[in-house]
*Asks:* 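Here it is, the structure, as structure tokens.
Note that the numbering runs from 1 along the sequence shown for the chain. The basis for the numbers below is simple: all heavy atoms, side chains too, and nothing from hydrogens, waters or symmetry mates. Just follow the structure's listing: the first ligand is 1, and inside any ligand the first atom is 1.
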Amino acid sequence: MGQNVIEISHLMKKFAAQTVLNDINLQIANAKIIGLIGPSGAGKSTIIKIILGMELPDSGSTKLLGKQMPNRSLLNKIGYMAQSDALYEQLTGLENLKFFAGMKKLHHATSLIDHIAEVVDLSDALDKRVINYSGGMKRRLSLAIALLGDNQILILDEPTVGVDPALRKKIWSELQRLRDQGMTILVTTHVMSEAELTDEVALLMDGKIIEFDQPEKLKEKYQVKTVEEVFLKAEETL
Ligand SMILES: Nc1ncnc2c1ncn2[C@@H]1O[C@H](COP(=O)(O)OP(=O)(O)OP(=O)(O)O)[C@@H](O)[C@H]1O
């Protein structure tokens, strides 16, 4: 399938007098990991919320798998992890996973849940109530929930905040494995070493996507060695 799975056209969004998104265009092909990076407050989460139909743009359109969002028929095809955790704190990790698996109509998900819990390193904490989880454990459980199901698209808003480097590496190999199986993954991050692991980086600054290319191509263009330096140089020249 060579079609674009995420299509963003001419998005505009203001909050009161503040223009946050000023003509955002992004076409994301199938089976790619796209890193959406930009300074804090640039509008990354706003783009994600508009893509998912949780926030309305002032103008412009977004389509997932060729369909306008929100669209109930697509919910089973999209995994989403928000920046803040939406978990049932009185339930255990396992009960949370089972609940969300049920929402996604996955009724025989035991082996899937086992695998996902192992990926986010929560297998030993599944019987603990979430209220007793650390911040990082809650992030990992939110990621596990996003990974549930037969997703074609995964949208992750800062999935590795509070996650230590070894586990971060493991999570990224899982994302790459899912990409290799055909999943399209849009991920925001402040960790520039993670941006190096993406297939393409979209750099959001000043309300616009000012770059959208492979990390290597961006480094060549800016004549620097890291995506972090691309980010800093781009910010300087704005
Ligand atoms: N509902 C809202 N009402 C008013 N302003 C908002 C609202 N949502 C976002 N904003 C503003 O829009 C701008 C972009 O916010 P957004 O959360 O999309 O940025 P971000 O790039 O995801 O930031 P961060 O990297 O810090 O998470 C910010 O200035 C924020 O204060």
*Asks:* Side chain, backbone, both or neither: which part of Thr46 has a heavy atom under 4.0 Å from ligand 1?
*Replies:* both

*Asks:* Check whether any side-chain heavy atom of Ile51 lies under 4.5 Å from a side-chain heavy atom of Tyr80, and answer yes or no.
*Replies:* no

*Asks:* Only heavy atoms of Gln83, strictly under 4.0 Å: list the atoms of ligand 1 that pass.
*Replies:* 27 (O)

*Asks:* Pick, from Ser40, Gly207, Gly43, the option with the minimum heavy-atom distance to atom 26 (O) of ligand 1.
*Replies:* Ser40

*Asks:* Which residue and non-hydrogen atom of the protein lie closest to atom 31 (O) of ligand 1, and at what distance in Å?
*Replies:* Gln18 OE1, 4.7 Å

*Asks:* Is the count of non-hydrogen atoms from other residues, nucleotides or ligands lying under 6.0 Å from Lys169 atom NZ greater than 12?
*Replies:* no

*Asks:* What atoms in ligand 1 come closer than 4.0 Å to a heavy atom of His190?
*Replies:* 25 (O)

*Asks:* Looking at Ser73, is its backbone amide N or carbonyl O close enough to the side chain of Asn71 to form a donor-acceptor pair, meaning the two atoms are under 3.5 Å apart?
*Replies:* yes

*Asks:* Which of the atoms of ligand 1 are close to Ser45, meaning less than 4.0 Å from one of its heavy atoms?
*Replies:* 17 (O), 18 (O), 20 (P), 22 (O)

*Asks:* Flag the pair Asp58 / Phe15 as yes when at least one side-chain heavy-atom distance between them is below 4.5 Å, and no otherwise.
*Replies:* no

*Asks:* Quick test: of every protein heavy atom, which one is nearest to atom 3 (N) of ligand 1, and how far off is it to 0.1 Å?
*Replies:* Phe15 CD2, 3.4 Å

*Asks:* With distance as the sole test, does Thr19 use its side chain to make a donor-acceptor pair with the main-chain N or O of Lys14 at under 3.5 Å?
*Replies:* no

*Asks:* Quick one: which of Gly41, Pro39, Ala16 has a heavy atom closest to atom 23 (O) of ligand 1?
*Replies:* Gly41

*Asks:* Run through Gln176, Arg179, Gln214 and flag the one making a side-chain hydrogen bond (donor to acceptor under 3.5 Å, both in side chains) with Asp199.
*Replies:* Arg179

*Asks:* Taking only heavy atoms of Lys44, which atoms of ligand 1 are found under 4.0 Å from at least one of them?
*Replies:* 18 (O), 19 (O), 20 (P), 21 (O), 22 (O), 23 (O), 24 (P), 25 (O)

*Asks:* Would you check whether Val20 has a nitrogen or oxygen atom less than 3.5 angstrom from a nitrogen or oxygen atom of ligand 1?
*Replies:* no

*Asks:* Is the CD atom of Glu7 crowded by more than 12 outside heavy atoms at less than 6.0 Å?
*Replies:* yes

